[in-house]
Every structure is written in C-alpha cells, then in structure tokens.
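Have a look at the structure below, then the notes.
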Amino acid sequence: MPIDALKYPITYLANVGDARAKQLKDGMGIETYGDLLLQFPSKHIDRSRFYYTHELTTDMPYVQMRGQILSFEEEGFGRKRRIVGHFSDGHGIVDLVWFNGLQYVEKSYKLLTPYVVFGKPVLFRDRFSITHPEMELAERFSRSGMGLRPYYSIPDKLQKRGINTRMMEQWVATVFRILHEPLPETLPEYLVQELKLMSRDEAIRAMHYPQSADHLSRASFRLKFEELFFIQLNILRYSRERNRRFAGHVFARVGDVFNDFYYHHLPFPLTGAQKRVIREIREDVRSGRQMNRLLQGDVGSGKTLVALMSMLIALDNGFQACIMAPTEILAEQHLDTFRQFLGDMPVRVELLTGTVKGKRRQAIMEGLQTGEVQILVGTHAVIEDNVTFRNLGFVVIDEQHRFGVAQRAKLWNKGQDAEGQGFRIVPHVLVMTATPIPRTLAMTVYGDLDVSIIDELPPGRKPITTIHHYENRREELYRGLRQQISIGRQAYVVYPLIKESEKVDLQNLEEGFHQFQKAFPDLSISMVHGKMKPADKDQEMSRFVSGETQILMATTVIEVGVNVPNASVMVIMNAERFGLAQLHQLRGRVGRGAEQSYCILVTSFKLSGDTRRRIQIMTETNDGFEIAEEDMKLRGPGDLEGTQQSGIPFDLHIANLARDGQIVQLARDVARRVLDSDPQGDRPEHQGMWQALRDLNKNTIDWSAIS
Ligand code: ADP
Ligand code: MG
C-alpha cells in the first residue's frame, strides 16, 4: 500500500521548522503537504513580461523588473525605521523597502547582483518604491522557465515573519517534486469521463502552474465541482438515511378544526402564496414521510398564519402541535395572535417559557401529557427533555437561524418507535425564517430541507420608503417623526448593540433617549434594552404596543418578529454598523398596516465603500431575496446568518456559493443520480468516492449524533 505523502506534516520540508509550522498552521491552516497543495494561488502573474523602471505608473498592481541593488541605507526612526535598497535597471532607480533589521536584509540579498524583483510600485516623494518586494536571483529565475507564475496571498501577520509568495511557491514545487504518484482521483471514473472533467491530479497541478488561462479555468471548474459535489452527496445521503429511519405521522384528513377556522374565523382571505404553501405542507403530512420543510417569507408576509393553520391539521388528526420562538416576547406575541385568531374555538393553546413556573407550569405539563393542551407556544424550553407530550405530531420553529441542526435533532426524541419496524415516527417539522437565503446557499446549508416560499405580501401594503440621513441632520429627522406622530403613528428608534462595545452602546442609547426626550417633551417615550429586568422590559414593550408611548427606543432586541401595525417609522441609528440582513429585518417591523411607512438610516459622514453600497441597496429595494443575494456577494456565504450552525464546512477552498450557482445545481443533480444508482453504497466504482467522503467528514460534522 502506497504511503500517502499528502498526509506528511509540513515539518518534513527542509526549511520548515517547528516555529514556522506553527505560524503556517495558525495563520493559514496549513499542516500537511496536502494542505499546502490545496492552498491555491490567488492569482497568476504573467512572468514573461518585464517592466523598465522608467515605465512605471501608479496604477500598476504588480510589476516585474530585472536589475541590481546598488546600495543599502537605513532611514527613519523608531517604528518607521526601515532599510532602503536602491535598485537600478540602467533606466532609473526604484527604492526597495524593508521594515527589517539591516543585518537581515544584507544577509538575504547581495549587492550588485542581477535580481528579478516583483511587487507593487508606489510613488513616494517623486520616486517609486516597493515595500517588501519578492526577490529572486536572476539566474535562478530563468531556469524556472516562463509562463504564468502563481501568486499566493499571505496574511500580513505571516508576511512580517518573512513568509512570502516566493517561499510558498518553493514549498509547493518541492512537494510536487517529492510526490511520486499522481494525486488520487476522488470522483468515479465514469463521471470524470462523462462530465469531461480534468483529473484531480492535473487540476491541482494546473491550479498552481496553468499552461493558459483556459487551462486554469478548466482546473478550477473541476475542483469546484468536486467540492460542491461532496457537499451535496453528504446532504442527500443524510436526508435519505433520515427518511429510512424516521417516518412521519400520517395526517390523513382535513377536518372540523381546520374547516371551522377557515370558513368561520379567518378574518381575511389568504394570499395565493399562503394557500400554495399550506397545500405543500398538506401534501407532505399525509404522505407518511416525515416533513422537514423550510418556509421562507419576507417579514410581514404572513408566515404565522400558515403555521397556525398547519397545526390545526395536526389537531384534526388527533395530534398535538407546538411552535418555538427565539425569545419570550415573541412567544407571548404568538400566543396572543393565536388566541385572537381562534376566538371562541374550543382549542386549548398554552404558553411555556422559562418564566412560567410553579403551579401554572405543573398544570401545563399535565395538560401536555393528557393531550388537553393541543397547541403549545414557547421558547426552546419546549424541547427540553422533561417536557413530554401525549402525541406531538407537528413542530414549528420560528425565525430559524437560532436553531441549528442539532436542536432540530432533539425533536426526534419526542417521537415514538414504530414497534418492530426498525424506524421511529417523529413529528413533522416546519422551519420558518424571514431571513431570505439565496437559493444556492439554501441548497447547500439547508439542503436536507424542502423549501417553500411566500413571495407575496398581504394586499394593501405600501412599499416602505427608505431614506438615508447623515447624523448632523437631526432637526430634519425630528421634523419627520413629529409629522408622523401628529397623525397618530408610532416610531421605533434602534441603536446597535454588540458584545464587544456593549457598555458604550448602552450609553449611546441612553444619551439618545435624553436627546429625544428633550426634542419631544410632549411625547411619551419607551426605552428597552437587554440589561433590563425581563418584567420591566415587558412592561415598556406593552406600553408601546398598547399605544401609550409613541416612540420606542431600543437596542436590537426588537429585531425579530415584534408586530405593532400602527408603527410607521423605523429609525436606525449608526446604520453603518448593521449588516444588510439585520437592516432589512429591522425595516420589516414597520409597513405592517395600510399606511405609508418609512425607514430612516442614520449614519456618520465617513462611510466605507461596502457600507455605502449596503445603504444604497436598502434605499433601492424592499425585496428580501435581492438583499440576501447582495449580502452574500458583499460578505461571502460563510458569514450569513444560519450557516454557522449548519454543519456544512464553510472554508470552501475554491467554490464560491455567491458566484458558482450553476455548479451547485449541477453537483446536486449528479449527486442525486449517483445515489439513485447506488442506494446501498456498494458499487465497486464508487468505493473511492465514499472513502473520500468519509475522509472529508472526519473534519466536519458527526451526523451520527443526530440519528
Ligand atoms: P411574518 O411572516 O413576518 O411572521 P406575520 O405572520 O406576523 O408575518 O403577518 C404580518 C401581519 O399580516 C399580521 O398582522 C397578520 O395578521 C397579517 N396577515 C397575514 N396574512 C394576511 C392576509 N392573507 N391578508 C391580510 N393580512 C394578513
Ligand atoms: Mg413572524
């Protein structure tokens, strides 16, 4: 059996000692030869092109020059102390700058010796300089041939330790030289043929040393496909496995409870999208398969009602249902909403949160065991082990991004074994989110869920008008607020709150509170933040909900779910500190009634390019999906909400979910076909593939914890 050289630790390389190895591990996650080879260059430089010193301009990202260092000189003091090498190619002088000791530089580079120098030229006091240039002896350079040369991005921290792209290049070259055998293929040979993919060996080599731009793009396609294919294979295999082990309760009929509600209690007609989604759920729950469905719908699109009506189907079939919300406030609001909707219908709905204690709790627990409590509303307290239902058939998880795969799995414990059948019957699960997830990301992160979308708002809603204000236009802001409040509306004013600057953030809120009190002496203003006692917080909230106060000032606690249809203005202070998804969520708190609503984004003058773009997107569109796509482009998929808990590794080496949507789709289709053709996983031509998947999974989630 061949020894797998890719697993060798990098310390086997001649000039990588323990210290360097630690730097590479901490800074770039490189531990083995294999890791090194998968560290692809961020770009390639055409090394057949040399520039002369007199040709340089300020807009060149990188240049390559040939010449020699005439002399070294120390300049500056303290932290600005640097070594300057005066470099000439016979046409002019360029300064090479190092922030290292003179000794180190003199030891590393020889005077009056031909070098090839590579770096970004910067104009400084009428002369071009290059800081920490890449240097290579000219004689060596010519030996290494012409063509596209890899350029590796090295984190600043490592650059300061003297690690640069040339060094990476040498290590990579060494590893390739040591490898005697081609890098193993991980995809079945027939797929490589059929999809006309490059072999894995050729692709990885070509990523570093492509023969042409086309060669490079075919290599990257192959590797992106591979990466996404294994993710899809994993997800689909997992969900099939789940279908094998778990079944859903069969809700054969729609009965009196649902129909009574639909025909006699529903205060308005359902939107087309709501009807469609209820039909989709209905199909699932009568199939015998266990439903795992993700319901996406913009804030205010009416998901709560869909949840309620789905739960009524469970009741019609003799089952209990529950809904979990991320906060107590939201759970309470759901309880109120449900009770209002249901009116005098004989359906028992109860609330269970951490603050429900003593006798009350006892009574609810008993009601759950006897089945008298039919719908339970709560926070995660609901999925704790000591809560037992008589027969829980349907679970709704609202605002899902705080509930990960593992939490969903806890629900399985609430199921019942189908006696002697080798599987468990578990509740159907509906996950709801108002944070729209781009399709490619959903396919990857929530790939084991079926997706329903509410893409239609209830009629009569006017699109929210979003306006950007600079901080110093307070008067104008106050005028706008006063105008809205004078016609009977209410307003939210939200301040950012993050852990790292919690103290200052709270001070900002309090300071803002005083400013607003001064500006509006005749109004009642509520203030709410996370440091308050829950009871006080609730009281302030309900004062606002009841209309007793006109303005609610808060940190981001009101982000999710709160519903006050009379509120028509959302002011977001320091809007530059919020991400797009969050801004959109906050904005969704208004525009719930029929009135024209406004969102005012208040920022400082100094804005980065990305921030400017975020604000611009917000003022241009109300469409959550469009915003999610833009967000993914700006931030990268790994930072999007919900992905952290997904169990999918997001250090994708090469694929980019924001850009490679088509490859995601292809990978999914192919993975599905492979699984269909090999349900037992025993086809010989797939063994290498399964092994590769097992290897990948070692570093990621332990799916077995779920089943
Ligand atoms: P979300 O999807 O953000 O959870 P909600 O379920 O809170 O939205 O709905 C927002 C508001 O729209 C609620 O006041 C709800 O009663 C109302 N609503 C829901 N469906 C309809 C409908 N079909 N027609 C009119 N109003 C509706
Ligand atoms: Mg909601």
Side-chain angles (χ1 to χ4, degrees), residues 261-263 265-279 281 293-312 322-343 349 375 377-379 395-403 430-437 451-464 490 492 541 545 547 557-568 570 581-595 597 599 622-625 627-628 641-642:
F261 178 78
Y262 187 68
Y263 292 109
H265 294 264
L266 191 61
F268 34 63
L270 295 175
T271 62
Q274 283 171 319
K275 281 189 195 158
R276 190 187 65 235
V277 172
I278 291 173
R279 262 200 308 273
I281 292 170
R293 190 166 277 283
L294 174 69
L295 173 54
Q296 298 193 51
D298 229 330
V299 273
S301 60
K303 295 186 291 295
T304 317
L305 186 57
V306 170
L308 176 62
M309 294 180 69
S310 313
M311 293 196 282
L312 297 184
C322 84
I323 178 166
M324 286 188 267
T327 65
E328 300 211 354
I329 295 181
L330 278 173
E332 282 161 23
Q333 205 163 57
H334 280 328
L335 178 77
D336 291 346
T337 308
F338 288 176
R339 286 192 170 157
Q340 247 170 46
F341 271 133
L342 293 168
V349 186
I375 294 180
V377 180
T379 50
V395 176
V396 181
I397 301 173
D398 194 18
E399 302 300 348
Q400 90 10 265
H401 50 262
R402 309 204 187 167
F403 287 96
L430 180 67
V431 176
M432 307 202 295
T433 177
T435 309
I437 302 160
V451 178
S452 287
I453 294 177
I454 301 190
D455 50 6
E456 181 186 352
L457 291 179
R461 302 266 173 87
K462 291 202 180 71
I464 303 164
Q490 290 166 281
Y492 297 100
M541 284 300 291
V545 173
V557 286
I558 57 158
E559 186 184 335
V560 221
V562 180
N563 191 15
V564 181
N566 189 49
S568 65
M570 167 61 68
Q582 244 183 333
L583 289 173
H584 182 63
Q585 279 286 322
L586 285 169
R587 178 168 62 182
R589 296 303 107 217
V590 297
R592 311 197 131 215
E595 327 311 334
S597 294
C599 174
N622 274 302
D623 181 333
F625 280 93
I627 289 172
E641 277 190 271

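All ligand and atom numbering here is 1-based and tracks the order in the structure.
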Report yes if the side chains of H265 and L342 come closer than 4.5 Å at any heavy-atom pair, otherwise no.
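Side-chain contact under 4.5 Å: no.
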Taking the side chain as C-beta and beyond, is there a heavy-atom pair between M311 and V349 under 4.5 Å?
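Not touching, per the 4.5 Å side-chain cut-off.
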Heavy-atom donor-acceptor pair, [X] side chain to [Y] backbone, under 3.5 Å:
X	Y	answer
K303	G297	yes
E456	T271	no
E595	N566	no

Side chain or backbone of M432 under 4.0 Å from ligand 1, or both, or neither, by non-hydrogen atoms?
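The answer is neither; M432 stays 4.0 Å or more away.
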Answer with side chain, backbone, both or neither: which part of P269 has a heavy atom less than 4.0 angstrom from an atom of ligand 1?
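The part of P269 near ligand 1 is the backbone, not the side chain.
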Within a distance under 4.0 Å of any heavy atom of [X], pick out the atoms of ligand 1 and give their elements.
X	answer
T304	4 (O), 5 (P), 6 (O), 7 (O)
G302	1 (P), 2 (O), 5 (P), 6 (O), 8 (O), 9 (O), 19 (C)
F341	16 (O)
L270	23 (N)
D298	2 (O)
R461	10 (C), 11 (C), 12 (O), 17 (C)
T271	23 (N)

[X]: heavy atom below 4.0 Å from ligand 1, yes or no?
X	value
G588	no
G300	yes
T337	no
A434	no

Based purely on interatomic distance, does L305 place a nitrogen or oxygen under 3.5 Å from a nitrogen or oxygen of ligand 1?
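No; every N/O pair is 3.5 Å or more apart.
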Just jot down the side chain to side chain contact (heavy atoms under 4.5 Å, CB included) partners of A331, sequence neighbours excluded, or say none.
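So A331 forms a side chain to side chain contact (heavy atoms under 4.5 Å, CB included) with A325, L351, T353, V377, T379.
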How would you list, by chain and number, every residue that makes a side chain to side chain contact (heavy atoms under 4.5 Å, CB included) with L457, sequence neighbours excluded?
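Once residues adjacent in sequence are excluded, the partners of L457 under the side chain to side chain contact (heavy atoms under 4.5 Å, CB included) criterion are S301, R461.
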Here's a test for you: under side-chain contact (heavy atoms from CB on, under 4.5 Å), which of V306, I323, T304 qualifies with V396?
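Testing V396 for a side-chain contact (heavy atoms from CB on, under 4.5 Å) against V306, I323, T304 leaves exactly one candidate, I323.
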Identify which one of R589, H584, R587 satisfies the side-chain contact (heavy atoms from CB on, under 4.5 Å) criterion when paired with C599.
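With C599 as partner, side-chain contact (heavy atoms from CB on, under 4.5 Å) holds for just one option, R587.
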